[in-house]
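What's counted below: heavy atoms across the whole structure, side chains too, no hydrogens, waters or symmetry copies.
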Amino acid sequence: MKSWIAVFLLSAGAAYAAPDTSLRPVERAGNAVTVEPSGAIAQPSRDAAAVAAANRGQGLSQSLRPELRPRKFRRIARERERLRTRGAVCGDLDIQGEIVGRVRGSKRGCGVENAVRVRSVSGIELSLNAVMDCGTAKALKTWVDNTAKLALARQGGGLKRLRVAAHYACRTRNNQPGGRISEHGKGRAIDISAVRLQDGTLITVRNGWNAANTSKIMRRLHFGACGPFGTVLGPDSDRFHRDHFHFDTARYRSGPYCR
């Protein structure tokens, strides 16, 4: 009995033993499989020549890369650089002038940290090079683009120049003794007393504010500055502004102060 059981166990072990050899995949035409002596399947060569030969006729051996910048944008970049060399300030090509840097005030509270001297805005000349900070220069540009040019588009060929009555000056408000330092003393204000048109016509704030043919235009210029500037004063505000518009970038919690 014991011998019979031993024979049975030996036969069962032989049935469950691992095979001497493993099944190998059948080679495919044009893509032979190499079997190493250990029985492992050899990995195909990855050298450049073999890869190029394998890909021949099946696609590009290398990808085509676009130009870093299309010619149009390279041309624009060159033009921008050219304009910068001609005096663009405040990071805006439409604001032309020169960098002044720090302006020290002669009184406490005066001075500008990063001043610029602006000669034109969006192609509109200033009657004199006005010193201000970039916030004020950009506000002036917004007003010129969105209000002044449009308001005067049908008058004498359009706007050509702004007459500047005041810009940076270390002084008190309205030059009153003992008063607070004006926004002019901080480089945040500009006063406009007149506009000149392409045909040479000059429209002053003093004469044009109530004139029949220019009253609406002048009020449009005044109202359009409310928003780009925090404070806007004109002939109806007080006796100090009968002949000019005062624009400054001081901001108040209640919103723009416009009179």
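- Residues A151 and L221 approach most closely at CB-CD2, 3.9 Å, considering heavy atoms.
- Within the 4.5 Å cutoff, the side chain of M132 has no heavy atoms near those of the V112 side chain.
- Under a hydrophobic-cluster definition in which Ile, Leu, Val, Met, Phe, Trp and Tyr are linked whenever side-chain heavy atoms come within less than 4.5 Å, directly or via other members, F229 and V164 are assigned to the same cluster.
- In this structure a side-chain-to-backbone donor-acceptor pair under 3.5 Å is present from H222 to R259.
- The environment of CD1 in I99 is sparse: at most 12 heavy-atom neighbours from other residues, nucleotides or ligands sit within 6.0 Å.
- Between F247 and F245, the ring planes lie parallel to each other; the angle is under 30°, not in the 30° to 60° tilted range.
- In plain terms, the two heavy atoms of T142 and P228 that are nearest each other are CG2-CG, 3.9 Å.
- In the hydrophobic clustering of this structure, I95 does not group with V103; members are Ile, Leu, Val, Met, Phe, Trp, Tyr whose side-chain heavy atoms approach within less than 4.5 Å, directly or through other members.
- A donor-acceptor pair is defined here as one N or O able to donate and one able to accept, closer than 3.5 Å; no such pair exists between the side chain of R196 and the backbone of L159.
- In summary, of the residues considered (V100, V131, T136, D133), a side-chain contact (heavy atoms from CB on, under 4.5 Å) with Y168 occurs for V131 alone.
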Take K138 and D92 through the test salt bridge (charged side-chain N to carboxylate O under 4.0 Å, His left out) and record every step on the way to the result. CA-CA 8 Å; K138 290 179 179 180; D92 194 321; over 6 Å; no
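- Looking at I190, V121, L128, V195 one by one, the single match for side-chain contact (heavy atoms from CB on, under 4.5 Å) with L162 turns out to be V195.
- In this structure, CG in N129 is found 8.5 Å from NE2 in H167, a value given to the nearest 0.5 Å.
- Considering all non-hydrogen atoms of both residues, R219 and D236 come closest at NH2-OD2, 4.1 Å.
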Given side chain to side chain contact (heavy atoms under 4.5 Å, CB included), test V116 with C134 step by step and report yes or no. CA-CA 7 Å; V116 293; C134 281; 4.0 Å; yes
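- The distance from the CZ atom of R173 to the NE2 atom of H184 is 11.0 Å, given to the nearest 0.5 Å.
- For the residue pair R108 and I181, the shortest heavy atom distance occurs at O-CG1, 3.6 Å.
- Both L197 and I192 belong to a common hydrophobic cluster when Ile, Leu, Val, Met, Phe, Trp and Tyr are linked at side-chain heavy-atom distances under 4.5 angstrom.
- In summary, the side chains of D243 and S193 do not present any donor paired with an acceptor at a separation below 3.5 Å, with no hydrogens or angles considered.
- With rounding to the nearest 0.5 Å, the separation of CZ in R242 from OG in S237 is 8.5 Å.
- To the nearest 0.5 Å, atoms CZ (R163) and NE2 (H244) are separated by 13.5 Å.
- Under a cut-off of 6.0 angstrom, the local environment of CZ in F240 is crowded, with over 12 non-hydrogen atoms contributed by other residues, nucleotides or ligands.
- The shortest heavy-atom contact between T249 and G135 is CG2-O, 4.1 Å.
- Side chain of S215 to backbone of W209: a donor-acceptor contact under 3.5 angstrom is found.
- At distances below 3.5 Å, not a single donor-acceptor pair connects side-chain atoms of N174 with backbone N or O atoms of Q176.
- Contact of the P235 side chain with the V205 side chain is registered, since non-hydrogen atoms from C-beta on lie closer than 4.5 Å.
- One distance of note links CZ of R161 with OG of S120; it measures 11.0 Å at 0.5 Å rounding.
- Nearest heavy atoms, A137 versus C90: CB-SG, 4.2 Å.
- Here the side chains of P177 and T172 are not in contact, with every heavy-atom distance at 4.5 Å or above.
- Each of R154, Q155, K149 was evaluated against L152; a single residue qualifies, Q155, per the side-chain contact (heavy atoms from CB on, under 4.5 Å) test.
- Atom CG of residue D94 and atom CD of residue Q96 lie 8.0 Å apart, to the nearest 0.5 angstrom.
- Looking only at distances, a side-chain donor or acceptor of T204 sits under 3.5 Å from a matching main-chain atom of N207.
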